[in-house]
Amino acid sequence: MNPDMKLQSIEAVKRSVMNNLGIAYVPQFSVEEELKSGSLLRLRTELDDKSYPGVCVFHKNRWVSPQMELAFRILQKQIEVNYSKYKNSAD
């Protein structure tokens with residue numbers, strides 16, 4: 001799958017696909033509601049069984065917003081990473 005167009009907003013991608021402007025490869029969690037309602041359909045591809053690495057980088061001496069704290073807790077729960085050992089540690 002070679003993209004002809006890249007958009008920064010998943011919402012823009014969803015709207016484009018719903019308006020018959022093409023197909024898109026997006027994280028399933030981002031289209032759950034649209035899949036349930038039938039406004040989008042899932043297509044099977046060779047990418048279905050692949051996993052993609054992710055990187056989370058943050059400055060250890062900066063304030064962590066409640067949203068970042070929640071994201072870190074979700075990551076910790078999902079992939080068993082304890083970010084608190086890096087938070088406020090001295091180098």
> Could you tell me which residues satisfy side-chain contact (heavy atoms from CB on, under 4.5 Å) with Ile74, sequence neighbours excluded, listed by chain and number?
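For Ile74 the side-chain contact (heavy atoms from CB on, under 4.5 Å) partners, ignoring immediate neighbours, are Leu70, Gln78.
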> Starting at CG of Leu41, measure out to CD of Glu34 and round the result to the nearest 0.5 Å.
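Result: 11.5 Å between the selected atoms.
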> Which residues pass the side-chain contact (heavy atoms from CB on, under 4.5 Å) test with Ile10, not counting sequence neighbours?
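Testing Ile10 for side-chain contact (heavy atoms from CB on, under 4.5 Å), a comparison that skips the adjacent residues, returns Lys14, Pro27, Ser30.
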> Kindly write out the residues that satisfy side-chain contact (heavy atoms from CB on, under 4.5 Å) with Ala71, not counting sequence neighbours, or none if the list is empty.
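Checked Ala71 against side-chain contact (heavy atoms from CB on, under 4.5 Å); zero matches.
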> Where do Ala24 and Val13 come nearest, in terms of heavy atoms and distance?
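Shortest heavy-atom contact: CB-CG1, 3.2 Å.
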> Can you name the residues that form a side chain to side chain donor-acceptor pair (under 3.5 Å) with Ser39, not counting sequence neighbours?
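Scan of Ser39 (side chain to side chain donor-acceptor pair (under 3.5 Å), adjacent residues dropped) gives Ser37.
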> Taking all heavy atoms of Leu7 and all of Ser16, pick out the closest pair and write down the distance.
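Here Leu7 and Ser16 meet closest at CD1-OG, 3.9 Å.
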> Please answer: with hydrophobic residues joined when any side-chain heavy atoms are less than 4.5 Å apart, are Leu21 and Val31 in the same cluster?
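No, it is not one cluster - the side chains of Leu21 and Val31 are not joined through contacts under 4.5 Å.
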> Does anything in residues 21-30 form a salt bridge (charged side-chain N to carboxylate O under 4.0 Å, His left out)? List the pairs, not counting sequence neighbours.
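Qualifying pairs: none.
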> Should we count CD of Gln8 as having more than 12 external heavy atoms under 6.0 Å?
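Result for CD/Gln8: open.
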> Tell me whether Lys36 is salt-bridged to Glu32, with the criterion being a basic N under 4.0 Å from an acidic carboxylate O.
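Here Lys36 does not pair with Glu32 in a salt bridge, since their nearest N and O are not under 4.0 Å apart.
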> Check side-chain contact (heavy atoms from CB on, under 4.5 Å) between Arg42 and all other residues, then give those that pass, not counting sequence neighbours.
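For Arg42 the side-chain contact (heavy atoms from CB on, under 4.5 Å) partners, ignoring immediate neighbours, are Gln28, Leu35, Arg44, Asp48.
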> For side chain to side chain contact (heavy atoms under 4.5 Å, CB included), just list the numbers for Ile23 and Leu43, CA-CA rounded to whole Å, side-chain angles, deciding distance to a tenth of an Å, and then say yes or no.
CA-CA 9 Å; Ile23 62 172; Leu43 300 175; 4.0 Å; yes
